[in-house]
Amino acid sequence: MDSIILNICEEFINNVAEYFGDGEVKRLDSIETDLKEKSFEFLLKMTKAYFESLDKAIAQDKSRLKRCLVIERKNDERTIYTQLGNLSFQRTYYHDKKNNEYLYLLDQAVGIEGYSRVSTSTALELIKHASQSSYGESSRHICNGEISRQTVMHQVRRLNKLENEPVEEKRVVKVLHVEADEDHAPLQNGASTIVPLISVHEGVERNGTRGRCKNIHHISSHGIKTEDLWRTSAEWIYNTYETDVIERIYLHGDGASWIKKGLEELPNVRMVLDRYHLNKAVLEATSSNPEYRRELYAALRNCDQKAFKDIVNRLQKETPDTKKKIKIGKFRTYILNNWDGIQVYGEENCIGSCTEGHVSHVLSSRLSSRPMGWSHQGLKSMAELRAFVCNGGTLTATDILKKNECSECGYTPAKRVLETATKQFEGTAIGTRGNIPLLKRGKVIPLFSALTLMKNGHNL
């Protein structure tokens with residue numbers, strides 16, 4: 001093993017020395033590309049040597065026999081994709097007689113999951129990129145396309161329930177805005193389904209002509225009960241704000257039944273029919289009679305329900321088409337069912353909302369803006385991931401669901417086992433300095449001078 005490690009180190013140093021010493025001018029972009037590949041290859045070889053050395057030391061450890069861990073077979077090949085590239089190594093397979101299970105002690109010791117095709121750090125990078133672009137693009141960007149789209153998809157689905165860090169001190173506000181809307185995402189069977197989004201913020205801050213929602217927080221999922229989604233939102237509000245101080249929560253939305261469920265969960269709440277959907281309803285109802293729009297807007301602005309009903313009745317009478325009459329009748333019902341959400345504009349100092357913009361930014365940009373087909377499980381994972389990322393969350397290894405493939409065998413490599421596995425690495429660094437062919441040539445080039453200093457124990 002000593003000679004193997006020494007040969008790996010010598011080979012890498014010689015390759016780098018020859019690269020710079022071939023008499024040609026090296027451009028920075030070429031240096032970055034070429035040496036990155038050589039460096040990754042060197043690190044992969046060293047990692048393989050370390051793993052196999054540790055595996056050998058574990059096999060020689062007699063204490064494992066006390067835990068009924070006996071060797072089943074040796075030299076099983078394992079390949080896993082890392083941020084350095086494909087890492088291949090051999091390890092020993094054990095039989096845990098106590099629990100009647102089979103396992104690789106090396107995999108457990110170095111934190112490699114059974115049957116996983118990518119390392120945890122690589123999985124995190126794939127998931128981060130997949131939150132912004134397609135699975136295929138994520139594979140091409142992170143793994144040069146060496147990992148399939150299905151593998152990227154499986155990594156996203158392995159995410160635990162993502163939760164942002166709680167605030168250290170509860171915020172104090174008098175008014176809170178909750179905006180609710182949904183995206184329509186395509187399914188793999190050609191149908192579509194809704195993915196709800198709830199956005200909580202403290203109002204709009206103006207920077208010139210542009211506005212920004214203050215301390216916005218998004219909550220989204222798919223395939224869960226509406227009551228559970230609103231309870232999650234209410235729980236976040238109670239954990240983040242001093243709710244006793246909140247005088248009013250405005251619930252902005254299009255008046256859908258699932259949105260009105262929030263009125264049952266939030267404190268001091270009042271429904272607000274957002275102006276985008278209100279304006280859309282007016283335009284659709286008056287598509288054949290646009291001259292009625294000014295009257296309708298005036299009646300709605302003044303919260304004059306009698307005037308509104310009179311205008312709609314006249315509009316229906318002057319519309320000969322039966323289908324359009326039905327559409328106008330539905331418009332009348334829609335407005336009257338959400339009259340309190342319109343009246344609030346005249347009774348309280350309530351601002352408008354940004355529901356469509358939030359849906360577009362958080363959900364549509366990834367779920368429905370490009371041709372694709374989702375599964376229900378994929379929608380749930382991606383909706384939660386998008387909300388988490390847009391909230392400023394940072395993914396860590398603990399966010400990935402671990403596969404419990406076997407019970408805890410109770411074996412951990414002892415210090416003496418680690419010393420046995422790493423002793424050949426400790427002496428190689430010093431020994432390599434005197435065994436570099438470049439230093440024996442005596443060629444006076446900058447790299448020769450630097451390596452000579454290293455050989456003599458000086459710091460660069």
Side-chain angles (χ1 to χ4, degrees), residues 131-132 175-187 192-222 226 229-230 233 236 249-263 266 269-287 293 296-297 300-301 327 330-331 334-335 337-342 344-345 350-372 374 379 382-392:
S131 70
Q132 307 294 332
V175 177
L176 203 60
H177 298 270
V178 178
E179 302 179 4
D181 204 350
E182 69 272 348
D183 186 27
H184 295 269
L187 294 173
S192 65
T193 186
I194 69 167
V195 182
L197 174 69
I198 298 173
S199 305
V200 184
H201 63 88
E202 300 168 12
V204 178
E205 292 179 322
R206 290 291 172 184
N207 184 10
T209 58
R210 299 180 66 87
R212 183 181 69 87
C213 293
K214 184 179 179 181
N215 291 326
I216 190 165
H217 180 83
H218 303 287
I219 300 165
S220 183
S221 189
H222 175 70
T226 301
L229 186 65
W230 279 112
S233 304
W236 184 86
I249 294 180
Y250 293 108
L251 175 56
H252 304 262
D254 61 3
S257 58
W258 79 266
I259 295 177
K260 289 184 176 180
K261 284 285 185 180
L263 298 173
L266 304 178
V269 62
R270 187 167 183 183
M271 185 71 202
V272 180
L273 185 64
D274 73 80
R275 287 193 169 99
Y276 171 83
H277 290 96
L278 176 60
N279 184 57
K280 180 182 177 181
V282 171
L283 294 178
E284 289 179 353
T286 59
S287 58
R293 289 173 184 167
L296 279 173
Y297 281 129
L300 294 172
R301 186 170 54 251
K327 182 184 292 186
K330 290 181 179 180
F331 164 71
Y334 174 72
I335 295 298
N337 286 343
N338 292 283
W339 190 259
D340 184 64
I342 299 171
V344 67
Y345 286 110
C350 178
I351 64 172
S353 63
C354 318
T355 54
E356 290 297 315
H358 293 149
V359 169
S360 176
H361 172 64
V362 179
L363 298 181
S364 301
S365 60
R366 181 64 180 90
L367 301 183
S368 59
S369 62
R370 295 179 294 274
M372 61 185 72
W374 294 91
L379 275 178
M382 187 55 67
E384 293 174 358
L385 175 60
R386 285 291 302 169
F388 179 78
V389 171
C390 290
N391 290 335

Asp181: which residues meet the side-chain hydrogen bond (donor to acceptor under 3.5 Å, both in side chains) condition with it, sequence neighbours left out? none

With a 4.5 Å heavy-atom cut-off, do Val204 and Arg206 have their side chains touching? yes

When rounded to the nearest 0.5 angstrom, what is the spacing between CD1 in Ile342 and CG in Asp274? 10.5 Å

Do Tyr345 and Leu300 come within less than 4.5 Å of each other through their side chains, counting heavy atoms only? no

Within this structure, what is the CD-NZ distance for the pair Glu356 and Lys280, rounded to the nearest 0.5 Å? 7.0 Å

List the residues meeting side-chain hydrogen bond (donor to acceptor under 3.5 Å, both in side chains) with Gln132, not counting sequence neighbours, and say none if there are none. Arg386

Report yes if the side chains of Val272 and Ser353 come closer than 4.5 Å at any heavy-atom pair, otherwise no. no

What closest approach, in Å, do Met382 and Ser131 show between heavy atoms, and which atom pair accounts for it? SD-CA, 4.1 Å

Spacing of Ile194 atom CD1 and Asp183 atom CG [to the nearest 0.5 Å]: 10.0 Å

Drop me the distance from Leu197's CG to Thr355's OG1, to the nearest 0.5 angstrom. 9.5 Å

Enter the distance from Tyr334:OH to His277:NE2 here, rounded to the nearest 0.5 Å. 6.5 Å

Identify, with sequence neighbours excluded, every residue that meets side chain to side chain contact (heavy atoms under 4.5 Å, CB included) alongside Thr193. Leu187, His222, Leu379

For Trp258 and Trp230, which heavy atoms make the closest approach, and how far apart are they? O-NE1, 2.8 Å

Arg270: partners by salt bridge (charged side-chain N to carboxylate O under 4.0 Å, His left out), with sequence neighbours left out: Asp340, Glu347, Glu348

Taking only residues two or more places apart in sequence, or in another chain, which ones meet Tyr276 in a ring-ring contact (aromatic ring centres under 6.0 Å, His included)? none

Would a 4.5 Å heavy-atom cut-off, applied to side chains only, mark Leu278 and Ile335 as touching? yes

Under the rule for side-chain hydrogen bond (donor to acceptor under 3.5 Å, both in side chains), what residues qualify as partners of Ser220, not counting sequence neighbours? none

Any side-chain heavy-atom pair of Ser368 and Pro186 under 4.5 Å: yes

Qualifying residues under side-chain hydrogen bond (donor to acceptor under 3.5 Å, both in side chains), relative to Ser233, sequence neighbours excluded: none

Across all chains, not counting sequence neighbours, the side chain to side chain contact (heavy atoms under 4.5 Å, CB included) partners of Arg293 are Val282, Leu283, Thr286, Pro290, Tyr297

Indicate the atoms forming the closest heavy-atom contact of Gly255 with Met271, along with that distance. N-CE, 3.8 Å

Between atom OG of Ser365 and atom NE2 of His361, what is the distance when rounded to the nearest 0.5 Å? 7.0 Å

May I ask you to check whether over 12 heavy atoms, not counting those of Lys260, lie within 6.0 Å of atom NZ? yes

Quick one: sort the His217 and Trp236 rings into parallel, tilted or perpendicular, breaks at 30° and 60°. parallel

Looking at residues at least two apart in the chain, or sitting in another chain, which of them share a side chain to side chain contact (heavy atoms under 4.5 Å, CB included) with Val269? Ile249, Leu251, Leu263, Leu266

Do the side chains of Ser199 and Cys213 get nearer than 4.5 Å, heavy atoms only? no

Tell me, please, which residues at least two apart from His201 pass ring-ring contact (aromatic ring centres under 6.0 Å, His included). His177

Residues passing the salt bridge (charged side-chain N to carboxylate O under 4.0 Å, His left out) test with Glu182, sequence neighbours excluded, are none

Contacts of Arg275 that satisfy salt bridge (charged side-chain N to carboxylate O under 4.0 Å, His left out) - sequence neighbours left out: none

Identify which one of His358, His252, His218 satisfies the side chain to side chain donor-acceptor pair (under 3.5 Å) criterion when paired with Glu179. His358

Please report the shortest heavy-atom distance between Ala180 and Ile259, naming the atom on each side. O-CD1, 3.3 Å

